[in-house]
Amino acid sequence: MSPQAQDQAQSLVQSVDWLAIAPPTIAAVVALAVLVADLFVDGRKKALLGWVSVAGLALAALALLPLLDGDRSTFCLTGDADVCSYTADRFTLVIQFLVLGGALLAALLSMTTLKDANKEAGKDADTNAGKDADKALPEGEFWFLLLSSAAGAALLPASRDLATLIVALEVASLPAFALVGIKHGDRKSSEAALKFFLSSVTATAVSLMGVSFVYASTGTLYLTEIATRIEDVDPQLHTLAQAGVVLTLVGFAFKTAAVPFHFWVPDTYVGAPLPVAAYLSVVGKAVGFSGLILVTVIALPSYGDVWGPALAALAALTMTIGNVGALRQRATRAYSAVRLLAWSSVGQAGYLLVPIAAAAYSEDAQKAIGSTVAYALMYAAVNLGAFAVAALVARTKPLNRLSDYRGLYASRPLAALVLGFFLLCLAGLPPGIIGLFAKVTVFSAAVEAGLGWLAVVMAVNVVIALFYYLQWTALLFRAPEGEPESHRVPAPLTVAIALTAVLGVALSGAPQLILRFSDTGLF
């Protein structure tokens with residue numbers, strides 16, 4: 001072997017810091033353990049798999065604590081210790097906390113959903129001589145898919161090269177397709193999964209083409225190396241590089257449900273089990289936005305004149321169409337509550353895009369990105385809480401119409417108060433101080449970057465959103481049409497609602513805590 005070949009071979013030998021990669025690794029290992037255990041666990045003890053999954057996600061989240069001391073990098077080239085594929089910095093840890101915490105809450109919701117679905121399937125099987133037994137949700141597969149997706153989602157914010165970034169994106173996405181369509185024999189679920197899958201695959205293909213263009217222009221996949229080399233790209237390759245930038249953003253724009261890549265959201269949320277919809281609304285968005293931040297701010301800062309205006313336009317369109325879609329929901333339509341949350345999540349994605357677009361124009365891009373991270377944390381807590389209460393109502397009102405929430409205070413006063421608080425947080429009204437605070441930080445990021453027109457569009461959309469959030473809140477406290485019904489709330493569902501409520505109230509009481517996330521450590 002020639003000396004040059006030996007040097008190239010040695011440069012491929014990479015260091016491994018097992019502590020740095022512990023959070024996604026633990027989630028992946030527990031996923032495999034659950035899949036194998038499912039083969040040997042008796043059907044009456046399948047609930048144990050859920051508790052093992054919850055414990056695994058909690059352990060993965062606790063593995064973040066030893067990483068708080070300082071930045072750690074691994075899978076680095078031996079010839080250049082600064083060029084790494086995996087970095088556990090402040091930004092990574094905050095997003096991993098959001099992802100693993102969101103997955104943990106979704107897992108708690110899922111335990112109740114799986115138990116109810118399988119109990120109902122058992123009754124149908126007894127009544128119809130086993131004809132409806134296939135309506136039961138397969139617990140082992142469900143937990144394996146949820147943990148696998150969470151592992152990919154936790155890997156993505158730490159990825160510092162385009163190959164790892166795309167692989168993490170797909171590891172997070174592919175199990176999600178199966179989770180959406182996991183209701184056997186449910187046409188709505190199958191159609192939602194197919195629409196989600198086809199549109200995602202198309203977006204990924206376009207994004208991969210963009211990655212190949214960027215690689216052809218720069219000769220590297222590492223984000224920091226791309227940032228350096230793309231500034232001095234050959235003039236003949238300048239158009240190729242610009243096309244690569246735009247196409248690469250498409251895949252991540254799809255994951256964030258930005259317009260015009262949002263059309264899959266309402267049908268997917270309605271067709272999926274409610275905990276899966278909650279998972280996609282928070283963890284799916286965290287995946288898309290963290291990938292978008294890494295590609296734009298880390299790899300392509302010199303092309304801010306390309307992605308800055310594009311993201312600003314996407315933000316304006318996304319928040320407007322999302323809020324108008326939520327405004328059009330009729331209270332008596334089946335699944336209108338879930339559809340409203342789906343369209344609301346599209347509108348919230350528009351707000352989250354504002355600081356990323358502002359980073360292209362701002363002198364302090366890190367502060368702008370911190371606004372997105374802070375808003376994402378607020379949104380994750382209150383949106384998961386809203387889905388948790390929706391899951392509670394769905395146990396007795398499976399069609400989950402907005403009209404089903406009328407008089408909820410009469411039968412479940414605590415649930416009504418909590419849901420009202422979550423909706424006011426999303427609207428940005430007191431006592432949901434954290435929602436107001438998060439919106440102000442996003443608004444400030446746009447103003448400081450000179451995007452006054454985008455700040456005006458955001459202000460108009462906040463007013464539009466007030467109408468449907470307040471309309472839903474008012475329904476909770478109206479006189480019920482019939483006799484109030486009261487049922488026992490399962491422990492996992494109670495824990496999920498309580499955790500999100502406590503987090504939302506704590507942050508509203510001390511909103512300055514959110515400022516700690518304005519320093520993302522990306523630079």
Stepwise side chain to side chain contact (heavy atoms under 4.5 Å, CB included) test for Tyr269 and Val276: CA-CA 8 Å; Tyr269 282 25; Val276 176; over 6 Å; no

Whether Phe196 and Trp264 hold their rings parallel, tilted or perpendicular, with breakpoints at 30° and 60°: parallel

Sidechain-backbone polar pair: [X] side chain, [Y] backbone, donor-acceptor under 3.5 Å:
X      : Y      : value
Ser200 : Phe197 : no
Thr92  : Pro157 : yes
Gln96  : Ala154 : yes
Ser403 : Thr332 : no
Ser149 : Leu146 : no
Ser281 : Ala278 : yes
Ser344 : Ala326 : no
Asn383 : Ala380 : no

[X] side chain near [Y] side chain, heavy-atom distance below 4.5 Å:
X      : Y      : value
Arg90  : Leu68  : no
Glu139 : Val41  : no
Ser345 : Val265 : yes
Ile321 : Trp343 : yes
Phe252 : Leu169 : yes
Val54  : Met111 : yes
Leu249 : Val295 : yes
Phe387 : Val282 : no

Considering all heavy atoms, the nearest [X]-[Y] contact:
X      : Y      : result
Gly322 : Val346 : CA-CG1, 3.8 Å
Val99  : Val283 : O-CG2, 3.7 Å
Ala28  : Ala151 : N-CB, 3.8 Å
Leu104 : Ala58  : CD1-N, 4.3 Å
Pro398 : Tyr335 : O-CE2, 3.6 Å
Leu57  : Ala107 : CD1-CB, 4.0 Å

Pairs involving residues 50-60, ordered by first then second residue, that meet side-chain hydrogen bond (donor to acceptor under 3.5 Å, both in side chains) (sequence neighbours left out):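 Residue pairs with at least one partner in residues 50-60: there are none.
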
Tabulate below the donor-acceptor pairs under 3.5 Å that side-chain atoms of residues 447-456 make, not counting sequence neighbours, or state none.
none

To the nearest 0.5 Å, what is the distance between [atom1] on [X] and [atom2] on [Y]?
X      : Y      : atom1 : atom2 : answer
Leu503 : Leu105 : CG    : CG    : 8.5 Å
Leu109 : Thr113 : CG    : OG1   : 6.5 Å
Leu174 : Leu179 : CG    : CG    : 11.0 Å
Asp267 : Leu194 : CG    : CG    : 11.5 Å
Lys188 : Lys183 : NZ    : NZ    : 5.5 Å
Asn323 : Arg328 : CG    : CZ    : 13.5 Å

Set of salt bridge (charged side-chain N to carboxylate O under 4.0 Å, His left out) partners for Glu191, sequence neighbours left out: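 With neighbours one apart ignored, the set is Arg187.
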
Contacts of type salt bridge (charged side-chain N to carboxylate O under 4.0 Å, His left out), residue Arg333, not counting sequence neighbours: none

Pairs involving residues 456-477, ordered by first then second residue, that meet ring-ring contact (aromatic ring centres under 6.0 Å, His included) (sequence neighbours left out):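 Non-adjacent pairs meeting ring-ring contact (aromatic ring centres under 6.0 Å, His included): Tyr405-Trp472, Tyr409-Phe477.
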
Side chain to side chain contact (heavy atoms under 4.5 Å, CB included), paired with Leu353, selected from Thr372, Val259, Leu317, Leu292: Leu292

Stepwise side chain to side chain contact (heavy atoms under 4.5 Å, CB included) check, Leu93 with Phe97: CA-CA 6 Å; Leu93 298 184; Phe97 171 74; over 6 Å; no

Stepwise side chain to side chain contact (heavy atoms under 4.5 Å, CB included) test for Leu402 and Gln471: CA-CA 10 Å; Leu402 286 169; Gln471 192 175 44; over 6 Å; no

Trace of the side chain to side chain contact (heavy atoms under 4.5 Å, CB included) decision for Met378 with Thr441: CA-CA 12 Å; Met378 179 282 300; Thr441 59; over 6 Å; no

Check against side-chain hydrogen bond (donor to acceptor under 3.5 Å, both in side chains), Tyr279 and Ser110: CA-CA 10 Å; Tyr279 176 84; Ser110 300; over 6 Å; no

Derivation of the side-chain hydrogen bond (donor to acceptor under 3.5 Å, both in side chains) call for Lys255 and Ser173: CA-CA 9 Å; Lys255 297 301 178 186; Ser173 301; 2.6 Å; yes

Please set out all donor-acceptor pairs under 3.5 angstrom arising from side-chain atoms of residues 417-437, sequence neighbours excluded.
none

